[in-house]
Amino acid sequence: MPPTIDLADHLSGSASRRRDAAHRAAQSCTEFGLFLLRGHGLDPDLLRDVHAVAREFFDAPEDYKRRFHLPGSSRGYTPLGTESLASTGGETAPADVKEAFAIGTADVPERSAEYAGAGLRTVEWPDRPARFRETLLDYYRAAHALAGRVMGLLADALGVPEAAFADKMDRSADFLRLIGYPEQDRPPEAGAMRAGAHTDFGVLAMIAADDAPGGLQVQTRDGRWLDVPAPPGTLVVNIGDLMAYWTGRRWRSAVHRVVNPPAGAAGATRRQSIVFFHNPNLDAVIEPLRLRDAPGEPRPRPVVAGEWLTYKSRRQRTPAAPGPQG
Ligand SMILES: O=C(O)CCC(=O)C(=O)O
Ligand SMILES: [Fe+2]
């Protein structure tokens, strides 16, 4: 089972607690590419508010939500049936049973200028529910700051200085996604899941999910699927493709999925998650770090972060939802 790491131990604990937190993170990133995080300092009221505005937005009529759909983009509103995370692995798979609303760095006022040249259209903000925009921006800023602290933990876990990442992430192309998994009163089409098996594309993802039936699972190295619990106030941290690559694949990019609620599950089966994706600068060239004790394996070729992110996010759009750009 992936461990729960207390970030407060790493930030302000004794030297031995710090070491222990970093060591447990390293072990779990090697084994699963994922761990649970508490002591992260996110304001519980803010977490509650972001879940509340997400729920209200997803409750709005479909034609209202579709006004915020940006075809060919992962930002704005993503309707049901237009995305397939399992297809990002290379093979075509059924669409995920979910809807989403996302903003990117370009939509955060104080950071937007840096991205004006990246061809990213800004999203149109829903005017309902009230405080949707403020709440998402507050959460984005808090999650962005937290992601920086998690990077400090990960740098320690790898035994590299934090500066090893800093110049590749000072204009990080982050994403905040609200994901709604509707109530399932009948089973979805064969093979379809709330989110098909995949790895996340970037450096790390932090998931704040509610504890509904039909939740997150992670795959072990020998192919078994384990339920990942979602105790209130705990985040799940996933290592993404670019971080795994950065470590020369010492760490895994977590293979995970969101399963359907069991048929006939009693009570409410609706689920919601708030996911913050922390990515490098779009133009960052990612090359495997020179790690202590690294075996002398051939080093993979460098990748340009923005090219990888665009490639994967194109693949996640189902053929029914073509579009020009990321
Ligand atoms: O909803 C979740 O718990 C995870 C969603 C996810 O893995 C993703 O959107 O990449
Ligand atoms: Fe994911």
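Atoms within each ligand, like the ligands themselves, are counted from 1 in listed order.
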Novice: Run the salt-bridge test on R317 and E83 with the 4.0 Å N-O cut-off and return the result as yes or no.
Specialist: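 Looking at E83 together with R317, the answer is no, because their closest N to O distance does not fall below 4.0 Å.
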
Novice: Parallel, tilted or perpendicular: which describes the rings of Y77 and F58, with under 30° parallel and over 60° perpendicular?
Specialist: tilted

Novice: Below 30° counts as parallel, above 60° as perpendicular, anything between as tilted: where do the rings of Y311 and W308 land?
Specialist: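 The arrangement is tilted - the two ring planes meet at 30° to 60°.
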
Novice: Could you tell me whether N238 approaches ligand 1 through its side chain, its backbone, both or neither, with non-hydrogen atoms closer than 4.0 Å?
Specialist: neither

Novice: Can you list the atoms of ligand 1 that are under 4.0 Å from a heavy atom of V258?
Specialist: 1 (O), 2 (C), 3 (O), 4 (C)

Novice: Rounded to 10°, how big is the angle at the Fe ion (ligand 2) from D200 OD1 to H198 NE2?
Specialist: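 Between OD1 of D200 and NE2 of H198, at the Fe ion (ligand 2), the angle is about 90°.
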
Novice: Check all N, O or S atoms of H256 and name the one closest to the Fe ion (ligand 2).
Specialist: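 Per the distance ranking, H256 contributes NE2 as its closest N/O/S atom to the Fe ion (ligand 2).
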
Novice: Parallel, tilted or perpendicular: which describes the rings of F276 and Y140, with under 30° parallel and over 60° perpendicular?
Specialist: perpendicular

Novice: Under 3.5 Å, is there a donor on one side chain and an acceptor on the other for Y181 and D210?
Specialist: no

Novice: Kindly identify the option in H256, Q272, R271 whose heavy atom sits closest to atom 2 (C) of ligand 1.
Specialist: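 Closest candidate by heavy-atom distance is R271.
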
Novice: Regarding H256 and D200, do their side chains bring together a donor and an acceptor under 3.5 Å, going by distance alone?
Specialist: yes

Novice: With a heavy-atom distance limit of 4.0 Å, tell me whether S273 approaches ligand 1 through its side chain, its backbone, both, or neither.
Specialist: side chain

Novice: Considering K98, H198, R194, which one's heavy-atom position lies nearest to atom 6 (C) of ligand 1?
Specialist: H198

Novice: Does ligand 1 have a heavy atom under 4.0 Å from the side chain of F277, from its backbone, from both, or from neither?
Specialist: side chain

Novice: What atoms in ligand 1 come closer than 4.0 Å to a heavy atom of Y181?
Specialist: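 Result: 1 (O), 2 (C), 4 (C), 5 (C).
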
Novice: Determine, considering heavy atoms only, which of V228, T88, L216, I179 sits nearest to atom 9 (O) of ligand 1.
Specialist: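 Result: the heavy atom closest to atom 9 (O) of ligand 1 is in I179.
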
Novice: Quick one: which of F57, F68, Y139 gives a ring-ring contact (aromatic ring centres under 6.0 Å, His included) with F132?
Specialist: F57

